[in-house]
Every structure is written in structure tokens, then in C-alpha cells.
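Counting starts at 1 for both ligands and their atoms, in listed order. Along the sequence shown, residues carry numbers from 1. This structure is a prediction, so every number in the text was calculated from the model and none was measured.
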Amino acid sequence: MDSILVRGNGPLSGEIAIAGAKNAALTLMPATLLTDEPLTLTNVPRLSDIKTTNELLSSLGTEVAVMQDGQIIVLDTNQITNHTADYDIVRKMRASILVLGPMLARDGKAIVSLPGGCAIGARPVDLHLKGLEAMGGTIELKEGYIYATAKNGLKGATIDFPFASVGATENILMAATLAKGTTQINNAAREPEIVDLADCLRKMGAEIRGDGSPTITVQGVEKLYGATHPVVTDRIELGTYMLAPVIAGGEVELLGGRINLLSAFCEKLDEAGISVTETKRGLTVASRNGRISGVNVVTKPFPGFPTDLQAQMMAALCTADGISVLEETIFENRFMHAPELIRMGASIDVHGGTATVTGVDKLKGAPVMATDLRASVSLILAGLAAEGETIVSRVYHLDRGYEQLVRKLSACGANIERISA
Ligand code: UD1
């Protein structure tokens, strides 16, 4: 298995082009199942999760054409020829559950393996299933599979989510586009990826209002059509690379970045003493002279501080002045990076969903390993300013979510390389 070697190497300078959002692409791609006309996605990130989704959709009957080195994907599902999303594919990626709503809406049947994905907690899919049941779907769980049917099609319904789940909002939003009547989703997730999905569905002929707010209303239509849609900027990749100059020093311009994708995160950087400036091409992050100040962070659904940037923020706070408290409220087991950062010399106390970080002078390079995507990248960031060599193994996690990570960071002067096993 490949690993990544980072040597702490002083200030960074240069620019990084931010890719299309993985999490948006993973919900836009299953939208192909809602129409028999081609859906063309541009600005697609080149990641292993995208390949897995292509594989999943192909197994259901979608013709997949990949162009421009993977940045354009044309998905054509003239007919769904197989309604079973198999365990072998679904176990690799939890977002596979997003084929459930579209298949059920189009053909009144879907069989989807219960998902796997990152090891960051139990991550049930009960809200997806309850929502589809409220719309007239019948759900049975048998031998690790979800069997969903809707003999007379799905019907519009009012769905109240007890928690603003991103995936459940996406699944129900897609299903509702072809349901009979009006669906209202209350306490809907408001992430930019949801707005991007709604934008794409509208181009396909869907009638959707309120996306980006807690109440989304969908008027079902008879049929959806083909469309072309660019994937929105990846705000998590953006936030990750914004922290690189915070940790290593220097100044980096993030092409395609916008503050409104990450306002709560930018506010925390400001509080820590980091200036973020919008430019014509994106935004610039410059570290001030000296150390950042410790800050307290509570992860929340959008527009709050994203859980997907908690590990990277923790890496930055390991060498901040004073004490920082990070509270994780979205996932119950998302501090697996803490023991690895401690191996690099960080001072972190974890109690339940709270981690207290006491800033130290410097981290030291070490061999480290992470069990999920964002935790892995937090260790790379920590390595950028650590003394000596950091070797991050299990690189396949990074390949799921960061395209050309080594190339992007080394172009800014980082001393980083991939070592093939
Ligand atoms: C999406 C993102 C992920 C991000 C997360 C929260 C994708 C592909 N992934 O994941 O990167 O970390 O949003 O911003 O877009 N829950 C339930 N029942 C459900 C659904 C969710 O209890 O039916 C719980 C989960 O266990 C978790 C919390 O709700 O604790 C958040 O989950 P959700 O918002 O659904 O995240 P995902 O869509 O899985």
C-alpha cells in the first residue's frame, strides 16, 4: 500500500486550484437514474469515490462516458437494467445509498445494500428510509439489504427530519422530483451541495423551491430531461488547503474559493489571527508573523463549522497559543486523528465528543496512520510544519477525496512525495 512522506519545510507560497466537490458529485451522479436522457457533469473531481460511483451506476445499467481526463462525465440511463446496488460496491462508499431514492421514484423498486463508508460512527440511514416510507414506499430490511417498493409510484408528503441529514435530504429531494404531488422537507440540510443538486435537478425540469433554507418544497413532475451541469467548488478541499499556510506559514491563493462557502470556518480563522482575503480568482490565506491563537470550535450542520474540517483544524490548533476546545456534534467517533497527532507531539485530551488541545511549540514527524479521509489529510497538514519526516500510510483514504494532493502541495513548495509500496 502506498504512503505519503512529508518533511516539515517552512513557508509555502503559490496557488492551488480547487476541484469540484466530491460530495456534490456523489449526489449529482445518481440523478442520472431519474431520466432516460443523458446527464453531463463538468468540473468533476478525479477521485476514487467517483470511479466507485461510475462502477455502481454501470452495474445498474447507466452508460458512463468519461472525458477530459475524468473532468467531464456523461451518464446515460436509458433504462435501469438492474435494480440491485450490490454490497461489493456499496460497502466501499456510504454515498451509494443515494441511488435508492432515484431508482424507487423512477421504477417503483430498488434493492440497496446497507452502506459502509468511513469508520466515524454508526451512521444509520433511518431518516432516508422513513422519508421514502412517508412518500408511500414500502421498505423491508433483509440480510443486509434494503428492499424498497412503490407499486403505484411515490406520492408527495410532508417530511420532518429530526436532524438535518445531508444524505437523507438529497435522497428525498431526488425522489420527490418524480413523485405525484407536493413534497415538503422540513429541517432540510442547507449545505451548498444540496443547492447544487437542486440547481441541476431544476435544469433537468424539476420544480424545487427553498433549497439552501430549512424548508424545501418540491412539486413532482411527470418526467425529467437531460442537462449539463458544472459541479460546485469543493469547500472541504478549499478549507483543507487554506490551513496549509496557517500551519506551515506563508501565503497561498486558492483558485475558485469563496468565503460564503465557508463563512463559519473563515470566522474561526479570523479569531485565530489569520487573514482571508477574496481575490479575483478566489481567495488568499496569509499567516501572520508568529503563532495563531487557540480557538474553540463546535461542529454544526451548514452554515456552521463543518465536521469535515474538524480534524484539519485540530492539526492547526496543535501549535496554537493557549488552549482550544473542539466539540464534535455530528459524528460520535470522529477524533481518531487525535492519538496520531499525539504521536507527533501534540497535547490533546479527548473526553466523549470533546477534545481539548493545548498548544505546543512544534510537532515532530512520525509514522502515522488514519482510518478516514479527513483524519488522513489532517496528518499531512500537521507534517508540513513538523520537525523531521512524517509518513502517512493508508493513502487510499486520501485518494477518495483529494485529487493530486502531492502535486498541489508541492507546487507551493511543500516537501512531500508519494512512496509506492
Ligand atoms: C455527508 C457528507 C459527509 C459529511 C456529512 C455531515 C457526503 C457524501 N458526505 O454525509 O462528508 O461529514 O454529510 O456534514 O455528502 N444520521 C442518522 N440517520 C440517517 C442519516 C444520518 O442518524 O438516516 C446521522 C448520522 O449517523 C450522522 C449525522 O446524522 O451522525 C450526519 O449524517 P448526514 O448529515 O446524513 O451525513 P452524510 O449524508 O452521511
inquiry  = Is it the case that ligand 1 has an N or O less than 3.5 angstrom from some N or O of Leu26?
reply    = no

query = Side chains of Thr77 and Thr32: donor-acceptor distance under 3.5 Å anywhere?
reply = yes

request  = Give the atoms of ligand 1, by number and element, whose distance to some non-hydrogen atom of Phe331 is under 4.0 Å.
outcome  = 5 (C), 12 (O), 27 (C), 30 (O)

query = Which atoms of ligand 1 sit under 4.0 Å from any heavy atom of His128?
reply = 23 (O)

ask   = What part of Asp126 sits under 4.0 Å from ligand 1 if we count only heavy atoms: the side chain, the backbone, both or neither?
value = both

ask   = Are a donor atom and an acceptor atom from the side chains of Ser378 and Gln312 found within less than 3.5 Å of each other?
value = no

ask   = So is Phe163 polar-close to ligand 1, meaning N/O to N/O under 3.5 Å?
value = no

query = Does Asp308, backbone or side chain, put an N or O under 3.5 Å from an N or O of ligand 1?
reply = yes

ask   = Would one find an N or O of Glu191, backbone or side chain, under 3.5 Å from an N or O of ligand 1?
value = no

ask   = Do Glu170 and ligand 1 have an N or O pair less than 3.5 Å apart?
value = no

ask   = Salt bridge between Glu403 and Lys22, side-chain N to carboxylate O under 4.0 Å?
value = no

ask   = Polar-atom distance check: Glu332 versus ligand 1, any N or O pair below 3.5 Å?
value = no

message = Could you check whether Lys130 pairs with Glu133 (Lys NZ or Arg NE/NH1/NH2 to Asp/Glu carboxylate O, under 4.0 Å)?
response = no

key: Check: Pro124 N/O within less than 3.5 Å of ligand 1 N/O   = yes

query = Just heavy atoms, cut-off under 4.0 Å: does Ile330 contact ligand 1 by side chain, backbone, both, or neither?
reply = both

inquiry  = Please check whether Leu127 reaches ligand 1 - meaning an N/O of the residue sits under 3.5 Å from an N/O of the ligand, judged on distance alone.
reply    = yes

ask   = Is ligand 1 less than 4.0 angstrom away from at least one heavy atom of Ala168?
value = no

ask   = Would Glu328 count as a contact of ligand 1 if the rule is a heavy atom under 4.0 Å away?
value = no

message = We want to know whether Gln310 and His337 form a side-chain donor-acceptor pair, criterion being a heavy-atom distance below 3.5 angstrom.
response = yes

inquiry  = Strictly below 4.0 Å, N to O, side chains only: are Arg281 and Glu253 in salt-bridge contact?
reply    = yes

task = Please determine if Lys223 and Asp36 form a salt bridge, counting it only when a charged side-chain N lies under 4.0 Å from a carboxylate O.
result = yes

request  = Indicate yes or no: does Arg202 engage Glu207 in a salt bridge with an N to O separation below 4.0 Å.
outcome  = no

key: Gln310 contact mode with ligand 1 (heavy-atom cut-off under 4.0 Å)   = neither

key: salt_bridge(Arg394, Asp372) N-O dist < 4.0 Å   = no

